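Values in this document were obtained by computation on a predicted structure and should not be read as measured data.
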Amino acid sequence: MAVPKPLTLRRQRASGISHQSGLKKFRLQAQVLVDTGVFHLNQSFSYAIPDTLEAYIQRGSIVNIPFGTATKIGVVISVDVATEGNLKWILSLASNYAIPDNLMFLVNEMEPEYICHPFDLYRSVLPPLGKFKGELHTFAAKDERTRSSKASFVKMEVGEDLSELLRNRLLRDPTRRRIVIFPTLRQLREFMDRVRSVELDVVEIGPHLSLSLLRSAYEKAYTAGCVAGVRSAVFAPVNDVDEIIIVDEFSDHYVEQRSPYWNLRDIALKRSMIDNCELYFVGMTPSLELYRKISEGEIDVVRKRNISPFTKRPRVTTAPQDYLGDVRSSISIGSVLISVAGKHFSNTFVCQKCRNIPRCDCGGKLFLPQRNRYRCSLCVRDSEEWSCRECGSKKIHMLSSGAERISQELRRNFPNTPVYTCVEGKEAPEIAGKSIVIATAGMEPRIQWGYAAVILLNGIEQIGRPSIRSEEALFHRWFRTLTYLARGGLIYSSLPSAHRISQSLMSMNPAKYLDSELSERKEYALPPFRDLIAIGSKIENLSGFKNRIEREFPHIKVNLSSNSHELNLLTDLEQETEIIASLKALQKVRSAKKNPLLKIVKNPIDI
């Protein structure tokens, strides 16, 4: 009988060049944070630096490295003398630019506050990628002169032109290095047109540029006197920046739309401290988060000099008076701007009897997801019955609005007056003569000398939206619209005179509303006095997760949606770090088990 021979396995050889350093000597190694796309692989990895790249690789360099069977990009966290053997080689540089040290430090400051893979934070500060051309662009040595990192709010006046204000500031002292940030591309382009007219050297930067223009802007930004852009410009690599200017800080355009969902205000405050530069928030009104800091003395309010105030306070009329009479009396003087809601809000309602906004016991807004079902926007509790907390009535008034409907009404009443409708995607042409302009938020065309009247419509419809921020958003929007008003112009509010927004308009004192809203948020323990963390899953029932959180953090208020797919956590600011660390650990476990990650957003705009 034949003796069976042992089975011999054929060794499979990988094609191509080995990425392992093997016995080959290398002098330096780098710790690289890799864009793995895997949540639980969030640590840095060691890589060998080839002799040919030693002169170019430093902290902040962007490199191509082998990871598993693929080639990934990574950020060099540190460069050290080689202490390990048999490391994989860094293949090449992925950019001609390195992330500056101050932005590397900024990301380190952000990391404990956000529930995401660390590379998602670095993604925000990545320079333009491309084939390395043999020269690495880096920051010059930091200027060590003493500077202030003070943050201030600069309040604009009614009728004041923002682009003119900023242009004049640049002209007064062109030696200071600035970053100017706008919420929308439209505002940015209006500013760029204004500064080009006086030949000011301002570098425009942002993801809206083509790759070639972005590379050129990134390189110019190192030494530019002024860099202007939208949200991402807060990460512009300006060397020794003297001041950061943020326009209309309350705008929801300043919230990053993908993980880690950072807010520009928070990032700018951190960068101001790191770069030791002044920070200015410019606008008609501050957000509640910023106003709380103002109230507590953390942020100053700047009163501008050389501004000609109105000789008298603007005249304000309110509902229930019909706005058409104000349009008729003002159109003989000049053009009229009519501010309207941008959407139809068919699932929102108010009390039919007293017109008060429906609220849940938790402080959230109520809306109708379907017929005869009332849902809270905050705790997501459903009920089949509702009665007004103010008057006890059970009758509701459904809200709807639209620019086209109002446009038709105005054309019928003013057949001989040009009527323009300015909504997103349909901007009005140059306004000539006395006209009526209907515009949604951010689409208002500016005219010389301003509008004879600003008509603020759809107030009830907009504050009735199912969000605790809906009234605050309307307040900011209406006050911002007043920058288009002419001296001695008229203001119409579609809210009744007793409403606190109308009261602020009549007194021209935004603090009257802000104090009231801040007090209400404190009473209900809502942001900015507590942090809100929204957790969601498309398919998973989160009721068990809710019970676990309540056991681990008994002082946290946890709200579960009716379909059990969403959670809202209201936590004290002091507990935030511990909760975020716990949620990060949870996401790592889910990732390691190949379970879908939860969507986790801290202090979302829509609550």
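Note on K150 versus E243: no salt bridge recorded, every NZ/NE/NH1/NH2 to OD/OE distance being 4.0 Å or above. Looking at K602 and E576, a side-chain N of the basic residue comes within less than 4.0 Å of a carboxylate O on the acidic one, giving a salt bridge. Between E566 and K538, none of the side-chain N atoms (NZ, or NE/NH1/NH2) sits under 4.0 Å from a carboxylate O, so this pair counts as no salt bridge. With respect to E444 and R480, a salt bridge is recorded, a charged nitrogen being found less than 4.0 Å from a carboxylate O. Salt bridge absent: D242 and R178 never bring a charged side-chain N and a carboxylate O closer than 4.0 Å. Taking a cutoff of 4.0 Å between a charged side-chain nitrogen and a carboxylate oxygen, E204 and R196 qualify as a salt bridge. We find that E289 and R469 are joined by a salt bridge, their nearest charged nitrogen and carboxylate oxygen being less than 4.0 Å apart.
Under the 3.5 Å distance criterion, the side-chain polar atoms of R446 are matched with a main-chain donor or acceptor of T483. Between the side chain of Y280 and the main chain of V247, no donor-acceptor pair closer than 3.5 Å is present. Judged purely by atom type and a 3.5 angstrom limit, E249 uses its side chain to pair as donor or acceptor with the backbone of S287. Between the R292 side chain and the P528 main chain, a donor and an acceptor come within less than 3.5 Å of each other. At distances below 3.5 Å, not a single donor-acceptor pair connects side-chain atoms of R265 with backbone N or O atoms of L290. Judged by distance alone, with hydrogens and angles left aside, the side-chain atoms of R215 form no donor-acceptor pair with the main-chain N or O of P128 at under 3.5 Å. Without hydrogens or angle criteria, R177 side chain to N239 main chain gives a donor-acceptor distance under 3.5 Å. Side-chain atoms of S149 do not come within 3.5 Å of backbone N or O of N276 as any donor-acceptor pair. Remark: side-chain polar atoms of R477 are not paired, donor with acceptor, to backbone N or O of E472 under 3.5 angstrom. With hydrogens and angles ignored, the 3.5 Å screen pairs no side-chain donor or acceptor of S44 with any backbone N or O of Q31.
A distance of 6.0 Å or more separates the ring centres of Y254 and W262. Aromatic pair F153/F281: centroids not less than 6.0 angstrom apart.
When all heavy atoms of L121 and V107 are compared, the pair lying nearest together is CB-CG1, 3.8 Å. In this structure, F132 and S95 approach most closely via the heavy-atom pair CD1-O, 3.7 Å. When all heavy atoms are compared, the tightest approach of Q587 to I115 is CG-CG2, 4.1 Å. Residues A236 and I179 approach most closely at O-CD1, 4.1 Å, considering heavy atoms. Across all their heavy atoms, Q187 and T184 have their closest contact at OE1-OG1, 3.0 Å. Residue W478 comes nearest to S494 through the heavy atom pair CH2-OG, 3.5 Å, listed as atom of the first residue, atom of the second, then distance.
To the nearest 0.5 Å, atoms CD1 (I99) and OG (S124) are separated by 10.0 Å. Going from atom CZ of F105 over to atom CE of M110 covers 13.0 Å, rounded to the nearest 0.5 Å. Interatomic distance, S504 OG to F475 CZ, rounded to the nearest 0.5 Å: 5.5 Å. Atom-to-atom distance recorded for N458:CG and I463:CD1 is 11.5 Å, nearest 0.5 angstrom. In this structure, CE on M104 lies 12.0 Å from CD1 on I274, to the nearest 0.5 angstrom. One finds the CG atom of N42 at 8.0 Å from the OG1 atom of T36 (value rounded to the nearest 0.5 Å).
Between F191 and F182, the ring planes lie tilted relative to each other; the angle falls in the 30° to 60° range. In this structure, Y218 and Y222 have perpendicular ring planes: the angle between them is above 60°, well past the 30° mark.
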### Task
Start with the C-alpha distance between H476 and T285, add both sets of side-chain angles, then the distance that settles side chain to side chain donor-acceptor pair (under 3.5 Å), and finish with yes or no.
CA-CA 6 Å; H476 292 309; T285 54; 2.7 Å; yes

Could you walk me through whether F67 and F45 satisfy the ring-ring contact (aromatic ring centres under 6.0 Å, His included) test, starting with their C-alpha distance in whole Å, then the side-chain angles of each, then the deciding distance to 0.1 Å, before giving a yes or no? CA-CA 10 Å; F67 192 85; F45 296 87; 5.2 Å; yes

Exercise. What's the verdict on side-chain contact (heavy atoms from CB on, under 4.5 Å) for L505 and L482, showing C-alpha distance, side-chain angles and the deciding distance?
Worked result: CA-CA 10 Å; L505 288 168; L482 299 187; 3.8 Å; yes

- Task: Step by step, work out the salt bridge (Lys or Arg N to Asp or Glu O under 4.0 Å) result for E278 and R176.
- Result: CA-CA 11 Å; E278 293 179 345; R176 289 173 69 82; 3.1 Å; yes

Query raised in the report: Please walk me through it: do R271 and M273 pass side-chain contact (heavy atoms from CB on, under 4.5 Å)?
Result: CA-CA 5 Å; R271 180 162 186 183; M273 296 298 294; over 6 Å; no

Salt bridge (Lys or Arg N to Asp or Glu O under 4.0 Å) assessment of E517 paired with R521 | CA-CA 6 Å; E517 180 68 8; R521 296 276 187 94; 3.1 Å; yes

side-chain contact (heavy atoms from CB on, under 4.5 Å) between I73 and V63, intermediate numbers included | CA-CA 6 Å; I73 66 166; V63 293; over 6 Å; no

| said: Does R194 form a salt bridge (Lys or Arg N to Asp or Glu O under 4.0 Å) with D161? I'd like the steps, not just the answer. | reply: CA-CA 11 Å; R194 196 70 61 90; D161 186 337; 3.1 Å; yes

- Could you please spell out the steps behind the side chain to side chain donor-acceptor pair (under 3.5 Å) verdict for T71 and N64? CA-CA 7 Å; T71 298; N64 293 309; over 6 Å; no

| task | Evaluate the criterion side-chain contact (heavy atoms from CB on, under 4.5 Å) for residue pair L200 and L171; output intermediate values, then yes/no. | result | CA-CA 8 Å; L200 277 169; L171 287 170; 3.8 Å; yes

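Counting only heavy atoms from C-beta outward, the side chains of L166 and I245 approach each other to under 4.5 Å. Looking only at side-chain heavy atoms (C-beta outward), V423 and M443 stay at 4.5 Å or farther from each other. For the pair L514/P286, a side-chain contact is recorded, criterion being any heavy-atom separation below 4.5 Å from C-beta on. Put simply, the side chain of E164 reaches to within 4.5 Å of the side chain of N168, judged on heavy atoms. You'll find the side chain of T481 reaches within 4.5 Å of the side chain of L337, heavy atoms only. Side-chain contact check for E219 versus Y97: some heavy-atom pair is nearer than 4.5 Å. Side-chain contact between V32 and V75 is absent, with no heavy-atom pair separated by less than 4.5 Å. Using a 4.5 Å heavy-atom cutoff, the side chains of I447 and Y451 are in contact.
A donor-acceptor pair shorter than 3.5 Å can be found between the side chains of D531 and N603. A donor and an acceptor atom, one from each side chain of S152 and D300, are nowhere located under 3.5 Å apart. Checking S470 against K365 by side-chain atom types alone, a donor-acceptor pair falls below 3.5 Å.
Annotation for D201: atom CG does not count as buried by contact number, only 12 or fewer foreign heavy atoms lying within 6.0 Å. Counting heavy atoms of neighbouring residues, nucleotides and ligands inside a 6.0 Å radius, atom NZ of K270 exceeds 12 of them.
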